[in-house]
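Heads up: the structure comes next, in structure tokens.
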2 protein chains.
Amino acid sequence: MTVGGTDRGIGLEQAGNVLLRALPPSAFALLSPHLERAAFSVDDVLAEAGEPITTIFFPEGGIAALLDPVEEGPRRLAVGLVGREGFVGWPALMGDDRWPHDVMLRAEAGTLLRIDAARLSALAEENEVLRTALLRFVHVATIQMGRTIVSSLIHPVERRMARWILLYHDRLSSDEICLTHEEFRLMLGVRRSSVTEALHRLEADHAVRALRGRVIVRDRDKLAALAGDTYGHAEREYRRLIADLNEPDARRRA
Amino acid sequence: MTVGGTDRGIGLEQAGNVLLRALPPSAFALLSPHLERAAFSVDDVLAEAGEPITTIFFPEGGIAALLDPVEEGPRRLAVGLVGREGFVGWPALMGDDRWPHDVMLRAEAGTLLRIDAARLSALAEENEVLRTALLRFVHVATIQMGRTIVSSLIHPVERRMARWILLYHDRLSSDEICLTHEEFRLMLGVRRSSVTEALHRLEADHAVRALRGRVIVRDRDKLAALAGDTYGHAEREYRRLIADLNEPDARRRA
DNA sequence: CGCATTCTGCCCGGTTCCGTACTGAAACTT
DNA sequence: AAGTTTCAGTACGGAACCGGGCAGAATGCG
């Protein structure tokens with residue numbers, strides 16, 4: 001695990017996490033002195049299922065993949081993704097003290113802002129605005145999980161793949177996404193060679209270009225059409241509930 | 001919608017909801033005067049996706065199915081189940097004001113304890129014990145969703161079916177479960193006739209007996225073996241986190 | 001009781017995806 | 001530059017499921 005950087009006490013302007021930046025300044029100020037920036041590399045393990053949650057992470061880059069451990073088939077399968085728009089470790093706010101999933105950093109090396117789990121829980125207990133903001137994100141994440149269920153039930157591999165590519169793309173700043181077939185396999189629950197074939201079909205559609213270890217997004221609209229309504233709903237809910245926490249009436253307008 | 005019963009103000013001994021009964025008496029006392037018992041029939045719609053959440057329900061019988069609306073294929077697909085062990089309407093506690101899914105009553109007619117959503121939110125804001133108990137249930141429900149994703153990715157129809165039957169069985173008091181092929185279809189995301197075939201395979205294994213509109217559980221162990229580790233984890237977490245809220249050290253023992 | 005409705009069983013060709021295994025290409029190591 | 005490791009492409013028979021449709025059985029209703 002590559003941990004670099006030692007900044008401590010992060011100001012609002014310096015925070016690269018969208019959820020934190022959406023907080024009202026008064027709420028952010030509570031966290032600010034306790035945030036610490038740490039650098040991680042691709043495939044670093046941020047947490048392991050069953051271990052106590054001591055730290056909560058707010059990504060500034062990269063993608064934290066939530067992987068449910070399974071005994072059969074692949075050793076684990078993706079059930080969610082979190083990038084700069086959110087945080088991982090929320091079970092600590094829900095009254096659990098252990099990680100329900102493995103969490104690994106994916107796609108690109110990046111920094112995460114971390115904070116002691118007990119401290120964040122205590123702050124969230126005291127401050128309703130902070131608590132609501134964090135819980136809203138958790139809620140959006142569960143909506144996303146619902147759509148993942150739907151997608152895995154009714155869509156063939158390449159349509160599910162289109163959805164995951166969009167989820168990655170939304171959380172990264174480049175059209176070029178580092179993602180091997182093996183990683184796709186853990187999101188799609190298929191053989192590695194079915195990934196190859198599905199990816200070729202997306203290439204034939206000119207939706208993406210695939211290189212060794214990378215996928216380049218060429219046509220988001222095509223990907224979105226393939227994903228159908230398994231993509232978009234959670235994203236709209238995120239905007240409605242979180243994007244402008246500073247404008248308390250935004251919800252009613254939506 | 002069949003709404004009968006007019007009891008108002010439910011005592012702890014009269015509450016048929018396991019989550020409520022697990023609450024410390026002081027926390028339950030806050031809710032007690034505001035709970036109202038209402039009777040519903042099978043297939044009654046408790047809520048519709050997109051509508052404002054005005055009421056939160058604690059089932060005492062029957063099963064509340066959470067159905068995600070989809071444009072394609074079947075019009076909706078099951079993403080979760082809640083029986084007497086929990087409640088529905090939790091988005092109101094997570095800072096959302098709208099139902100993310102349709103909610104329908106399944107399996108058997110039953111009563112639900114209902115409470116005004118704004119009032120419950122306010123009570124949960126004030127009382128940390130109550131809030132934690134409710135959030136723990138929400139958390140277990142999301143763990144269950146994670147396993148639903150896993151199951152739909154790696155298991156064939158009859159193994160997923162075995163899992164859903166167990167989830168129903170846990171929430172009902174009889175081995176006889178009212179469930180049509182069409183309802184299975186919404187949980188499994190397959191053609192109705194694939195349900196017929198999967199059910200026949202479970203019958204051939206002597207795991208269940210199937211009659212018109214009903215499934216009778218014959219061998220839970222066989223069903224559990226088929227479900228593999230997609231069944232059991234969420235249930236253990238429920239026990240660890242909720243079953244003895246009155247014994248605050250229970251978590252550490254697990 | 002007779003009729004309409006709901007639910008279940010079955011059939012067929014066609015497609016997707018599986019399990020397994022082998023090959024070649026790219027990238028990293030020293 | 002050579003060797004090792006990681007990734008990607010391909011093949012092939014077989015199983016799981018699909019889409020659609022039809023027939024029969026159980027149930028509910030007038």
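Side chains included, hydrogens not; waters and symmetry mates left out as well; all remaining heavy atoms used.
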Value in whole Å for how far the P atom of dA8(D) lies from CZ of Arg185(A): 13 Å

Nucleotide dC17(C), atom P - distance to CZ of Arg159(A) in whole Å: 12 Å

Spacing of Leu199(A) atom CG relative to dT10(D) atom P, expressed in whole Å: 12 Å

hbond_proxy Arg192(B) side chain to dG9(C) base (donor-acceptor, 3.5 Å cutoff): yes

Between dT8(C) (C1') and Glu203(B) (CD): distance, integer Å: 11 Å

Atom-to-atom span, CG of Leu211(A) to P of dG9(D) - whole angstrom: 10 Å

Among dT20(C), dT8(C), dG9(C), the nucleotide that comes nearest once only the side chain of His200(B) is considered: dG9(C)

Sugar-phosphate only, base, or nothing, as touched by Val195(B) at under 4.0 Å among non-hydrogen atoms: nothing

Nucleotide of dC17(C), dT8(C), dA16(D) approaching Pro156(B) most closely (side-chain heavy atoms): dA16(D)

Within residues 212-219 of chain B, residues whose heavy atoms come under 4.0 Å of DNA chain C: Arg212(B), Gly213(B)

Arg159(A)/Glu72(B) ion pair, N-O < 4.0 Å: yes

Atom-to-atom span, CG of Leu153(A) to P of dC17(C) - whole angstrom: 14 Å

Arg76(A) and Asp102(A) ion-paired at < 4.0 Å: yes

Donor-acceptor pair between Tyr231(A) and Asp170(A) side chains, under 3.5 angstrom: yes

Salt bridge Asp96(B)-Arg240(A), side-chain N to carboxylate O under 4.0 Å: yes

Length of the line joining Asp43(B):CG and dG28(D):P, which is rounded to integer Å: 14 Å

Short side-chain N/O contact to dG19(C) OP1/OP2 from Arg191(A), under 4.0 Å: no

Sugar-phosphate only, base, or nothing, as touched by Gly189(A) at under 4.0 Å among non-hydrogen atoms: sugar-phosphate

Donor + acceptor pair across side chains of Ser151(B), Thr230(B) (<3.5 Å): no

Presence of salt bridge, Arg201(A) and Glu158(A), under 4.0 angstrom: yes

Glu197(B) or Leu179(B), whichever maps to the more 5' nucleotide of DNA chain C: Leu179(B)

Ion pair Arg114(A)/Glu36(A), N-O distance below 4.0 Å: yes

Nearest-Å distance for atom pair CD1/P, residues Ile154(B) and dA15(D): 21 Å

dC18(D) phosphate, OP1 or OP2, under 4.0 Å from Ser194(B) side-chain N/O: yes

Phosphate OP1/OP2 of dT6(D) contacted by His181(A) side-chain N/O (<4.0 Å): no

